[in-house]
Amino acid sequence: LIGSINSLIYTVAYVYMGVYASAASAILFSFPVQLMTFFRWKKNAYKKTAIFRKMTTKTRILWSVAFLVVWGIMAAVFMRLDYEYAILDSCSFIFGFVIPVLTMLAYIEYTYLWIIQCVVGVFLNIQMVINDYKETTYLIYGVYALYCVIGAFISVQKFYKEQQELLVS
């Protein structure tokens, strides 16, 4: 539920920052998926979280290829339009689609991608600060978000390990 509210906050921030692909992702996709995830995880709960599962090799390959194809197309279109943040914003946009879906489906791989997305966000914010120092607040927030995501990664990995140990015994 907090994730849904967070998506709305991100939408406002992204519009203000001028990263419109990320804003569209937050409001049109992340918000409803976060709501669905809340109810799905509540239905399949394990302590404070969901029962996680690992992707098959085939599933990983399919998601990876889809990511690269869509990212390549978006980046090419944005670059053609002389969009200053084409590479990083399109990458962030695609992660904004993939991670919530993987989270909703309780694939443990979402945790690794979440860290990568935050690193991309920090680099996007660095690029924006280089162009306008007034964007420094967003860079500070991006670094803080990375810190929080690393903490969440550690917690989720502990739950996942505990779940795996229970399945083995």
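Residue numbers run from 1 in the order of the sequence given.
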Short side-chain to backbone donor-acceptor contact, Q127 and E84, under 3.5 Å: yes
Residues E109, K54: salt bridge by 4.0 Å N-O rule: no
Close side-chain approach of W71 and I87, heavy atoms under 4.5 Å: yes
Any side-chain heavy-atom pair of I108 and Q157 under 4.5 Å: yes
Smallest separation among heavy atoms of A86 and M79, with atom names: CB-CG, 3.5 Å
Cluster overlap V15 with I27, hydrophobic side-chain contacts below 4.5 Å: no
Atom of S92, atom of Q117 and distance for their closest heavy-atom approach: O-NE2, 3.6 Å
Whether Y83 and Y85 hold their rings parallel, tilted or perpendicular, with breakpoints at 30° and 60°: perpendicular
Any K134 side-chain heavy atom under 4.5 Å of V129 side chain: no
Single-linkage hydrophobic cluster, 4.5 Å side-chain cutoff, I140 and V19 together: no
V33 backbone acceptor or donor facing T37 side chain under 3.5 Å: yes
Heavy atoms of other groups near F153 CZ, more than 12 under 6.0 Å: yes
V101 vs F29 side-chain heavy atoms within contact, under 4.5 Å: yes
Closest non-hydrogen atom pair between F31 and S4, with its separation: CD1-O, 3.2 Å
Any V12 side-chain heavy atom under 4.5 Å of L8 side chain: no
Y20 reachable from V77 in the ILVMFWY side-chain graph, under 4.5 Å edges: no
W63 atom CH2, over 12 foreign heavy atoms within 6.0 Å: yes
Point-to-point distance, once rounded to the nearest 0.5 Å, from CZ of F52 to CZ of F159: 8.0 Å
Sub-4.5 Å side-chain heavy-atom contact between F95 and F67: yes
Heavy atoms of other groups near M36 CE, more than 12 under 6.0 Å: yes
Connected via hydrophobic side-chain network under 4.5 Å: L62 and Y110: no
Side-chain heavy atoms of Y138 within contact of Y14, under 4.5 Å: no
Same apolar cluster: I150 and V122, side chain cutoff 4.5 Å: yes
Distance in Å, E135 CD paired with Y133 OH, rounded so as to fall on 0.5 Å steps: 11.0 Å
Side chain to side chain, M17 and N125, heavy atoms closer than 4.5 Å: yes
Sidechain-backbone polar pair: R40 side chain, M104 backbone, donor-acceptor under 3.5 Å: yes
Passing option when M128 is tested against I126, I130, L124 for side chain to side chain contact (heavy atoms under 4.5 Å, CB included): L124
Q34 side chain vs S7 backbone, donor-acceptor pair below 3.5 Å: no
